[in-house]
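In what follows, a single structure is set out as structure tokens and then discussed.
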Amino acid sequence: MKILVVGIAYAPEIISTGLYNTGMCEGLAARGNAVSIITTVPYYPQWRVWQGWRGMRWRRERENDVDVTRVPVYVPAKPTGLRRIALYFSFLCSAFLPALARAWRDRPDVVIAIAPTLIAAPLALLCARISGAKALIHVQDFEVGAALGTGLLDKQGIIARLAGWFEQTIIRRFDLATSISPQMCRRLAWLRGSDADIYQLRNWSDTNAVMPLDRPSIFRDRWNIKTPHVVLYAGNLGNKQGIEILTHVAAVLAPRGDVTVVICGEGPARDGLARAATGIPNIRMEPLQDITQLSDLLGLATLHVIPQRPQVADMVLPSKLTNIFASGRPVIVTAESDTGLAHEIEGAGVVVPPEDPDALAGAIAALLDDPTKRTALGCEARQKAERDWGREMILDRFDDWLHVAVGVPNRLSGEIH
């Protein structure tokens, strides 16, 4: 099957959407499909074009059996709502001709649009129409709802109303739709007015690369961490996370003397967090680490924390959760009990109310003082990763579903199945 993907994030970006766009493309290519993607130069989560990629215009190369075309984009240093829209629109403009040329020349069987960004979805639709392909939209984030929930867009403003109309109108135009959780698939069905042709394509954990550590993490010596316990947040430092709660939590836990709160990541909230952390002795801020050391990084944690704003509940599912499970460490999330995030961590972690730093600090202290419970939750986390989040299993099933939905025989079996 010939597959064309239009998506704004790709390797060498190692977190969030870029990681899973890359894994999907490479996984489908490894299963005998001819895969190409129109994407950007790397810029996330630092919100600046990476060193070595600046000044680049259009470039096409082959990476791990995927035909990759990279296009230049405008990257705002401070990503406000309007500046994000400008970034996404610049991708639409830069990708327009390369995507149309690829669709016309290659005649793909399916064109996949990745959201974010929804702004480029009409281009994927146009590519599908001129090539006679099926059009599929894969939603990693409901970016309109997330932007409203985090205040990037004014709920009463004309831009918000236009964005909501655009979201529903565009999503309904696609033949097929996928998203990463049951709650997000239900929202897709609501937007489309039907639950037909919707598939849950979960993000996955790399259970071979990320393993429970049975030795001290290399980051203990590297960062000179002397406390027996580490509470770790690793990932994007942005508006959706509500990450600022962790500075208060660190201050509350400081008198214990046995725990370091480590925030490891990049993003627009980093500078504000660094200022808020000034004078708190048990908090450490570190940059993103090489993905080849992910197992050691996640294994540094006694437990993980995932703060999330209540306004974006069920609009997104934190991509970091999958490899946290693989690390075999428990996780504490801030979420309402009836949300998808709370459901996902059942048996493998603890849920506390969002935006309540004292409740989060109390839950952390209680789990630090209960090694038996920590062990049980960590074991269940690893079992979840192996049972429900395995990369090869998820991509095998998606490849099968896609062949049936598009109506193209599977090269590996010689039939539609």
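All values below were derived from every heavy atom in this structure, side-chain atoms included, with hydrogens, water molecules and symmetry-related copies excluded. All figures in this text were calculated on a predicted structure; none of them were measured in a lab. Each residue takes its place number in the sequence, starting with 1.
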Exercise. Going through the checks in order, is the side-chain contact (heavy atoms from CB on, under 4.5 Å) test met by F325 and T207?
Worked result: CA-CA 9 Å; F325 283 161; T207 52; over 6 Å; no
Exercise. Taking the six-membered ring of W389, is the NZ or CZ of R202 close enough (under 6.0 Å from the centre) and on axis enough (within 45°)?
Worked result: yes
For this session: For the pair D109 and K134, find out whether any cationic side-chain nitrogen is under 4.0 Å from an anionic carboxylate oxygen.
Result: no
Exercise. Is a side-chain N or O of T339 found less than 3.5 angstrom from the main chain of A335, in a donor-acceptor match?
Worked result: no
For this session: Measure the CD1-CG distance between I3 and D67 for me, rounded to the nearest 0.5 Å.
Result: 13.0 Å
For this session: Might you point out which heavy atoms bring F91 and V71 nearest each other, and give the distance in Å?
Result: CD1-CG2, 3.7 Å
Exercise. Do any N or O atoms from the side chain of S295 and from the backbone of M211 form a donor-acceptor pair under 3.5 angstrom?
Worked result: yes
For this session: Report yes or no: do D388 and Q383 form a side-chain donor-acceptor pair below 3.5 Å?
Result: no
Exercise. When the ring planes of W223 and F219 are compared, do they come out parallel, tilted or perpendicular, using 30° and 60° as the limits?
Worked result: tilted
Exercise. How many angstroms lie between CG in L118 and CD1 in I137, if you round to the nearest 0.5 Å?
Worked result: 5.0 Å
For this session: Could you tell me whether a side-chain N or O of S194 sits under 3.5 Å from a main-chain N or O of A196, the two making a donor and an acceptor?
Result: yes
Exercise. Looking at CG of L19 and CD1 of I291, how far apart are the two atoms once the value is rounded to the nearest 0.5 Å?
Worked result: 5.0 Å
Exercise. Between E386 and K384, does at least one N-O distance fall below 4.0 Å, as a salt bridge requires?
Worked result: no
Exercise. Quick check: does any side chain N or O of Y20 sit under 3.5 Å from a backbone N or O of S319, one acting as donor and the other as acceptor?
Worked result: yes
Exercise. Would N33 and D399 count as having a side-chain donor-acceptor pair, cut-off 3.5 Å?
Worked result: yes
Problem set entry | Closest non-hydrogen atom pair between A254 and P281, with its separation | CB-CG, 4.4 Å
Exercise. Does a donor on one side chain and an acceptor on the other come within less than 3.5 Å for H138 and N21?
Worked result: no
Exercise. If you draw a 6.0 Å radius around CD in Q168, do more than 12 non-hydrogen atoms from other residues or ligands fall strictly inside?
Worked result: yes
Problem set entry | Pairing of R31 and D396 as salt bridge, 4.0 angstrom limit | yes
For this session: Answer yes or no: is there a side-chain heavy-atom contact under 4.5 Å between L298 and R329?
Result: no
For this session: Check D369, T227, N282 against R256 for a side-chain contact (heavy atoms from CB on, under 4.5 Å) and give me the one that passes.
Result: D369
For this session: Report yes if some heavy atom in the side chain of S205 is under 4.5 Å from a heavy atom in the side chain of V210; otherwise report no.
Result: no
For this session: For the pair I38 and V5, evaluate side-chain contact (heavy atoms from CB on, under 4.5 Å) and give the outcome as yes or no after the intermediate values.
Result: CA-CA 6 Å; I38 311 295; V5 181; over 6 Å; no
Exercise. Within the distance-only criterion (no hydrogens, no angle test), does the side chain of D206 pair as donor or acceptor with the backbone N or O of A209 below 3.5 angstrom?
Worked result: yes
For this session: Using side-chain hydrogen bond (donor to acceptor under 3.5 Å, both in side chains) as the criterion, point out the one residue from R220, Q289, R215 that pairs with D296.
Result: R215
For this session: May I ask you to decide if P76's main-chain N or O and R83's side chain share a donor-acceptor pair within less than 3.5 Å?
Result: no
For this session: Answer yes or no: is there a side-chain heavy-atom contact under 4.5 Å between C185 and W190?
Result: no
Exercise. Under the 3.5 angstrom rule, does the side chain of R186 hit a backbone N or O of S181 as a donor-acceptor pair?
Worked result: no
Exercise. Within a reach of under 6.0 Å around NE2 of H343, are more than 12 heavy atoms found that belong to other residues, nucleotides or ligands?
Worked result: no
Exercise. If you draw a 6.0 Å radius around CZ in R397, do more than 12 non-hydrogen atoms from other residues or ligands fall strictly inside?
Worked result: no
Exercise. Does a salt bridge link E266 with R48, judged by any charged N lying under 4.0 Å from a carboxylate O?
Worked result: no
Exercise. When rounded to the nearest 0.5 angstrom, what distance separates CG in L273 from CD1 in I245?
Worked result: 12.0 Å
Problem set entry | Interatomic distance, R84 atom CZ to I119 atom CD1 [nearest 0.5 angstrom] | 11.5 Å
For this session: Indicate yes or no: at least one non-hydrogen side-chain atom of L4 is less than 4.5 angstrom from one of I112.
Result: no
Seminar exercise, completed: In short, L341 meets P318 closest at the heavy-atom pair CD1-CD, 4.0 Å
Exercise. With the threshold set at 4.0 Å, does a side-chain nitrogen-carboxylate oxygen contact exist between R172 and E167?
Worked result: no
For this session: Can you measure from NE2 (H229) to CG (L253) and round to the nearest 0.5 angstrom?
Result: 11.0 Å
Seminar exercise, completed: In short, L360 meets V305 closest at the heavy-atom pair CD1-CG1, 4.4 Å
Problem set entry | Charged N-O contact under 4.0 Å between D175 and R129 | yes
Exercise. On the ring face of Y10, is R70 found with NZ or CZ under 6.0 Å from the centre and within 45° of the axis?
Worked result: no
Exercise. Are the side chains of L303 and I364 in touch, meaning some heavy atoms are under 4.5 Å apart?
Worked result: yes
Exercise. Would you say the side chain of W47 lies within less than 4.5 Å of the side chain of P79, judging by non-hydrogen atoms?
Worked result: yes
Exercise. Side chain of S94, backbone of V73: donor and acceptor closer than 3.5 Å?
Worked result: no
Exercise. Is the distance between the ring centroids of W53 and Y43 less than 6.0 Å?
Worked result: no
Seminar exercise, completed: In terms of heavy-atom contacts, V352 and A363 come closest through CG1-CB, 3.4 Å
Problem set entry | Exceeds 12 heavy-atom contacts within 6.0 angstrom, atom CZ of F166 | yes
For this session: Mark yes or no for whether S90, through its side chain, and Y74, through its backbone, hold a donor-acceptor pair below 3.5 Å.
Result: yes
Exercise. With side chains defined as the heavy atoms from C-beta onward, is the minimum distance between V110 and M1 less than 4.5 Å?
Worked result: yes
For this session: Test T302 against V231 for side-chain contact (heavy atoms from CB on, under 4.5 Å), laying out the working first.
Result: CA-CA 6 Å; T302 306; V231 174; over 6 Å; no
Exercise. Is there a donor-acceptor pair under 3.5 Å between the side chain of Q140 and the backbone N or O of T17?
Worked result: no
Exercise. Do E392 and W204 pass the side-chain contact (heavy atoms from CB on, under 4.5 Å) test, and can you show the C-alpha distance, the side-chain angles, and the key distance before you say yes or no?
Worked result: CA-CA 9 Å; E392 298 309 312; W204 51 82; over 6 Å; no
Exercise. Can you name the nearest heavy-atom pair linking I8 to T39, along with the distance?
Worked result: C-OG1, 3.7 Å
Exercise. Do E286 and R222 sit within salt-bridge range, that is, some charged N less than 4.0 Å from a carboxylate O?
Worked result: no
Problem set entry | pair S16-N236: side-chain heavy atoms closer than 4.5 Å | no
